[in-house]
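Numbers for residues simply follow the sequence, beginning at 1. Atoms within each ligand, like the ligands themselves, are counted from 1 in listed order.
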Amino acid sequence: MAVKEILESLDWGPAPESDKFAREWLDQHGPSFGMYINGQWVTPESGDNFESFNPATGELLGTISQAGDSEVNSAVAAARAALPGWSSSPGHVRARYLYAIARQVQKHHRLLAVIETLDNGKPIRETRDADVPLVARHFYHHAGWAQLFDETFPGYGPVGVCGQVIPWNFPLLMLAWKIAPALAAGNTVVLKPAEFTSISALVFAEICNSVGLPPGVVNIVTGDGKTGALITEHDDIDKVAFTGSTEVGRIIRKATAGSGKALTLELGGKSPFIVFEDADIDSAIEGLVNAIWFNQGQVCCAGSRLLVQESIAERFHEKLRSRMAKLRIGNPMNKAIDMGAIVDESQRKTIEDLCKLGCDEGGEMWQPSTELPDKGCFFPPTLFTNVSPSSTIVQEEVFGPVLVSLTFRNHKEAISLANNTRYGLAGSVWSQDIDTALEVARSIRAGAIWVNCTNQFDANAGFGGYRESGFGREGGREGMHAYMRPLSNGTKTEKMESRGEQKSATKSSSSNATESVDRTAKMYIGGKQKRPDGGYTMDVTGPSGTVGQVGRGNRKDIRDAVEAASGATKWATTNAHTRSQILYYIAENLEQRSAEFAARISAMTGSTTAQAESEVADAVSEWFRWAAWADKYDGAVHETTMHGLVLALNEPLGVVGVTCPDERPLFGFTRLVAPLLAMGNSVIAVPSESNPLAATDLYQVLETSDLPAGVLNIVTGIHSEFVPALAAHDGVDSMWVGVGDVDEVQIASVSNMKRVWKVNMDASGDEYLRQSTHVKNIWLPHGINHATKHRPMGSANSARPSTNVSRGPSTNGCRRS
Ligand code: NDP
């Protein structure tokens, strides 16, 4: 075509990437692929296998082994055997391996990018410019953590053997997010890629082999969900790390509950993309293209819920439709296309069904008349308007190129709509007004917020969710903690529990409330002393007989306490100085009543006066300690590859339920409650069952210390009668189990997958603070020269490990705008 004609039509010619290297690799290793276990390539005893196709063409790429019991057992055994050697090797040695892997990933960049595109259907521009560079970046970055491990994380060691299960949307990148931190911290791994996209993990296994990684440190087993379950349920796995659907995440949460396995879950999302009337509209449109049509929308943090200010909605939708009409859909090996294939026909069908449901529920669906290829799994970019916040298409993760749009009038409504989801993975805010942008960014309950940008990822910024988007972080210092455990063990706590249990067993279970009305300590809910709902009380006994009575709480008391705590979330935004002042008051007021508290503790526990006085002194000191921390547990500014600031904020978890130990009841109560309060959480504390008066005596202290109503609620009684209700309550965001059956709490809290911590009383302060918070990363790109904002990603040095795929024109065909 003549240049003149090209300029007139602005049509693009094809720019196919060569698949030569990839074909050679597939021919050499295929058509049947084995698994990588203990440094060897093995095929399953059963001979089971399945086929892997190129979703863009339907072409068979190879036959993949299906691991069964025997292979998973071998892989876990290999990882176990390799653990002592790997975990005790100096950080520098681990660093060198990770560094060598990073180098090999770069060396085989093209092979990996092409394999990924052939197997997954995503555009080669994305695998080349985003997936593979980020994989290399992850291994380099974590080589650094391995090198610095001892000096940065003293007192911590690896968790052990990690079972890792990953999805098909970013096959190699998810592998890197899992394997790099695990190895850096000294763990060994058994990883299963998704059935649709196993091949790049096998190339990676070959890389591990080529750098001489000791056998068993990395084991790659292939298979479907059954293999995944064999790994996650395996008795000899110490930690499970999973990325995928919330549905499977829930199954895994249930399967691992009570097993003692550490767990991190990175699950689904329905992330808001909020555009204010003062936004740079053209940049926002390009950002949106990237947010929802990057990887065909098969991205857990896809900006799939557009919230646009009413005043600009019509204009915005118009521009959006015209932009959508220009997206090019086709062979993902063509460097000029914007959207490739959906990973599999089953996924395409799921997307289609959800769209049909969206229409049936009254939504208006719009798709451009863009021609789709004749064969292969393709789905056009799709926009839904005229939907309500409760529509299925607005609430459910579609995991495809489908955007829903809602409007809002002011920032309050925007925040409320943004948070109207069970998920909390990410969000994107577009406004030129820094006050609006930051206020809204801070108010969205999600793990990553992008201001005037979207889909930014970096190895040094933890990624992960709030609520049903899972827990744990991947990347950066916060991600390293997901693969470490404190070296001190919890035996002391366990001893405390068993002693407490003995004493509880001697307790009388109930008594008539009217008989002891004057001596009965009530519940403390919403800043008020309240009688227990059931009207029952229970005796508190000491070595010399009955010391008093407390209310015997039930499910209704728990519901009231959760309601009170949920209404007290302003505590989270109360400035840290004020929170700290209030905790100091509590300490002072408690100290003034030391003698009284000591006497009560002695009477309940039989401890000597000196022991009881020492316990009160320790509790006072503990309140002082966490008051001191309230304004000192800073976040960080992450160094990433983006030009700008990435602010890592330590945010409170929300409402936290706590069961407090029996031993040293006042001190134990304080150690668990005070750090949570210091970090801005609202707490429902269940004091020691045997010695609850240590906590109920605190009511007056709390009342005179200006602690806002509802921030700390205290429910007494027989734990087994109401703690399961506390664990199961959807309004409780996290549980700290200081006493009692952690397994039971984990099982009861499967439905909303809350983070559960089995408290280690001896853990470091840092551990307590981390368990009291989760990290939100706010990405703030900046730069005076707006021209740089519009640089197409393809024009950057492709070796640069950046995913600046969202700002202005993005990887997705923005060159046409
Ligand atoms: P899944 O959650 O089913 O799969 C993720 C991984 O878990 C895969 O390796 C899968 O194996 C494995 N798996 C499946 N069942 C089990 C199990 N019982 N125990 C252990 N592992 C298991 O996601 P899908 O791939 O099936 O996609 C379904 C939906 O999930 C999508 O439509 C999308 O909504 C969502 N999704 C979300 C992702 C995210 O990052 N948030 C990523 C991928 C999907 P295999 O695939 O081999 O069967």
Side-chain angles (χ1 to χ4, degrees), residues 35 48-52 55 64-67 72 119-120 122 163-171 173-175 177-178 190-201 220-234 237 240-256 261 263-271 294-302 304 342-355 377 379 392-393 395-402 422-426 446-448 455 457 463-465 467-470 472 474 753:
M35 290 169 277
D48 284 352
N49 56 38
F50 55 90
E51 292 174 326
S52 192
I64 312 287
S65 299
Q66 165 81 29
V72 170
D119 206 12
N120 171 282
K122 59 167 71 185
Q164 305 179 319
V165 177
I166 57 171
W168 41 256
N169 55 345
F170 293 90
L173 185 56
M174 290 302 103
L175 172 149
W177 282 22
K178 299 268 178 295
V190 176
L191 177 136
K192 185 194 91 65
E195 182 187 356
F196 297 146
T197 54
S198 306
I199 301 178
S200 56
I220 307 284
V221 292
T222 47
D224 60 13
K226 291 191 289 298
T227 309
L230 287 173
I231 295 172
T232 55
E233 290 168 23
H234 199 288
I237 292 275
V240 172
F242 171 78
T243 298
S245 62
T246 296
E247 190 192 345
V248 174
R250 192 169 278 122
I251 294 171
I252 292 174
R253 173 74 169 68
K254 195 168 177 183
T256 53
K261 288 175 188 151
L263 175 66
T264 43
L265 296 172
E266 199 268 272
L267 308 175
K270 193 79 186 179
S271 300
F294 177 56
N295 199 11
Q296 296 69 251
Q298 303 167 127
V299 182
C300 48
C301 55
S304 52
I342 300 297
V343 72
D344 186 74
E345 176 53 25
S346 56
Q347 182 66 13
R348 202 198 63 76
K349 176 86 172 46
T350 305
I351 300 168
E352 197 171 71
D353 290 348
L354 272 164
C355 286
C377 287
F379 199 91
T392 310
I393 197 88
Q395 288 296 328
E396 291 302 313
E397 182 180 44
V398 177
F399 225 66
V402 180
R422 61 197 166 104
Y423 297 114
L425 195 53
N455 275 350
F457 310 103
F463 184 83
R467 296 190 280 182
E468 291 194 28
S469 291
E474 293 186 309
M753 291 186 289

Quick one: does atom 34 (O) of ligand 1 have a protein heavy atom under 4.0 Å from it?
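Within 4.0 Å: yes, protein heavy atom nearby.
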Between [X] and ligand 1, is there a nitrogen or oxygen pair with a distance under 3.5 Å?
X      : answer
Thr243 : no
Lys192 : yes
Ile166 : yes
Glu266 : no
Ile252 : no
Gly228 : no
Gly223 : yes

Check the side chains of Asp119 and Ser200 for a donor-acceptor pair under 3.5 angstrom, ignoring hydrogens and angles.
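On atom types as modelled, these side chains do not qualify, holding no pair under 3.5 Å.
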Looking only at the side chains, is there a donor atom on one of Ser304 and Glu397 sitting less than 3.5 Å from an acceptor on the other?
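Glu397 and Ser304 do not have a side-chain donor-acceptor pair below 3.5 Å.
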Go through ligand 1 atom by atom and flag the ones less than 4.0 Å from a non-hydrogen atom of [X].
X      : answer
Phe242 : 2 (O), 5 (C), 6 (C), 7 (O)
Val165 : 6 (C), 7 (O), 9 (O), 12 (C), 21 (N)
Pro167 : 42 (C), 43 (C)
Cys300 : 39 (C), 40 (O), 41 (N)
Ala194 : 9 (O), 46 (O), 47 (O)

Suppose we screen for side-chain contact (heavy atoms from CB on, under 4.5 Å). Which residues come up paired with Val165, at least two apart in sequence or across chains?
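With neighbours one apart ignored, the set is Lys192, Thr232, Phe242.
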Select one of side chain, backbone, both or neither to describe which atoms of Leu267 lie under 4.0 Å from any atom of ligand 1, heavy atoms only.
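Only the backbone of Leu267 comes within reach of ligand 1.
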How does Gln347 reach ligand 1, if at all, at less than 4.0 Å between non-hydrogen atoms: by side chain, backbone, both, or neither?
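Near ligand 1, Gln347 shows its side chain, while the N, CA, C and O stay back.
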May I ask you to decide if Pro167's main-chain N or O and Thr243's side chain share a donor-acceptor pair within less than 3.5 Å?
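Pair absent, no side-chain N/O of Thr243 close to backbone of Pro167.
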Output yes when a side-chain donor or acceptor of Gln347 lies under 3.5 Å from a complementary backbone atom of Phe399, and no otherwise.
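Yes, because the side chain of Gln347 sits within donor-acceptor range (under 3.5 Å) of the backbone of Phe399.
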Taking atom 25 (O) of ligand 1 as the point of reference, which of Tyr423, Phe196, Trp168, Phe50 owns the nearest heavy atom?
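It is Trp168 that holds the nearest heavy atom.
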So between Ser469, Gly268, Gly225, whose heavy atom ends up nearest atom 14 (C) of ligand 1?
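Considering heavy atoms of Ser469, Gly268, Gly225, the nearest to atom 14 (C) of ligand 1 sits in Gly225.
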Excluding sequence neighbours, so at least two apart, what forms ring-ring contact (aromatic ring centres under 6.0 Å, His included) with Phe463?
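Phe463 satisfies ring-ring contact (aromatic ring centres under 6.0 Å, His included) with Trp177, Phe457 once adjacent residues are dropped.
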Verdict with supporting geometry, Leu267 and Glu468, side chain to side chain contact (heavy atoms under 4.5 Å, CB included):
CA-CA 7 Å; Leu267 308 175; Glu468 291 194 28; 6.0 Å; no
What verdict does the side-chain hydrogen bond (donor to acceptor under 3.5 Å, both in side chains) test give for Thr227 and Gln66, after you've listed the backbone C-alpha separation in whole Å, the side-chain angles of each residue and the deciding distance to 0.1 Å?
CA-CA 8 Å; Thr227 309; Gln66 165 81 29; 3.0 Å; yes
In terms of side-chain geometry, is the basic nitrogen of Lys349 or Glu345 positioned less than 4.0 Å from the acidic oxygen of its partner?
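So Lys349 does not pair with Glu345 through a salt bridge.
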Residues Glu396, Lys270: salt bridge by 4.0 Å N-O rule:
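So Glu396 does not pair with Lys270 through a salt bridge.
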Closest approach of any protein heavy atom to [atom], naming residue and atom:
atom                    : result
atom 1 (P) of ligand 1  : Ser245 OG, 3.6 Å
atom 16 (C) of ligand 1 : Val248 CG1, 3.4 Å
atom 44 (C) of ligand 1 : Phe399 CE2, 3.6 Å

List the atom of Ala446, the atom of Ala426, and the distance in Å for their closest heavy-atom pair.
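Taking every non-hydrogen atom into account, CB-N, 3.6 Å.
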Looking at side-chain heavy atoms only, is the closest gap between Phe379 and Cys355 below 4.5 Å?
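Yes, their side chains come closer than 4.5 Å.
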Using heavy atoms and a 4.0 Å limit, tell me yes or no: is Thr350 in contact with ligand 1?
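Contact absent.
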When rounded to the nearest 0.5 angstrom, what distance separates CG in Leu175 from OG in Ser198?
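Output value for this atom pair is 11.0 Å.
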